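Note that ligands are numbered from 1 as they come in the structure, with each ligand's atoms numbered from 1 the same way. Nothing here was measured: the structure is a model prediction, and the numbers come from that model. Along the sequence shown, residues carry numbers from 1.
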Amino acid sequence: MGREMSIKILYIEDNPQNMRLVRKILGAAGYHVIEAVDGESGFRALLESQPNIVLMDVNLPDIDGLELTQRIKSNPELASIPIIALTANAMHGDRERCLDAGCNGYIPKPVTKLNLLSTIASFLPVDQNSGSAV
Ligand code: MN
């Protein structure tokens with residue numbers, strides 16, 4: 001554990017099963033998970049909590065996750081927060097569509113523990129003492 005406790009991850013997701021899975025994986029790893037079930041409440045949570053990373057479901061009930069990503073990235077005060085898209089559309093070109101919208105990373109569903117934790121770690125600063133991600 002250790003410094004993961006100070007890392008805040010906002011997960012915007014309307015599917016309860018995905019939310020439960022990601023909450024379990026990230027919670028066990030010691031991350032502080034903030035949850036939102038749609039785009040508008042996710043945007044408010046982002047402003048309030050200033051997370052270190054956002055996990056963005058692309059298919060949300062109110063706004064498209066990629067549209068919300070563009071809104072965040074067009075705000076200079078929020079643009080530096082890494083956004084990782086999660087999408088069930090394993091179509092060809094889907095990764096490019098997410099990156100074009102401004103997402104910094106991409107995780108295809110179904111989410112695996114290894115892929116989730118390694119992708120998140122790649123967006124965190126490296127701990128100088130241990131050489132591992134904080
Ligand atoms: Mn969804």
Do the side chains of Ile107 and Leu26 join up, straight or via other hydrophobic residues, at under 4.5 Å, putting them in one cluster?
yes
Please determine whether Asn59 has a backbone or side-chain N, O or S atom lying under 2.8 Å from the Mn ion (ligand 1).
yes
Any donor-acceptor N or O pair under 3.5 Å, side chains Asp38, Ser41:
yes
Mind reading off the angle at the Mn ion (ligand 1) between the OD1 atom of Asp14 and the OD2 atom of Asp57, rounded to 10°?
80°
Between Arg97 and Asp94, is the closest basic N to carboxylate O distance under 4.0 Å?
yes
Heteroatom test (N, O or S) for Glu13 near the Mn ion (ligand 1), limit 2.8 Å
no
Show your working on side chain to side chain contact (heavy atoms under 4.5 Å, CB included) between Asn18 and Leu86 and close with a plain yes or no.
CA-CA 10 Å; Asn18 289 331; Leu86 282 83; over 6 Å; no
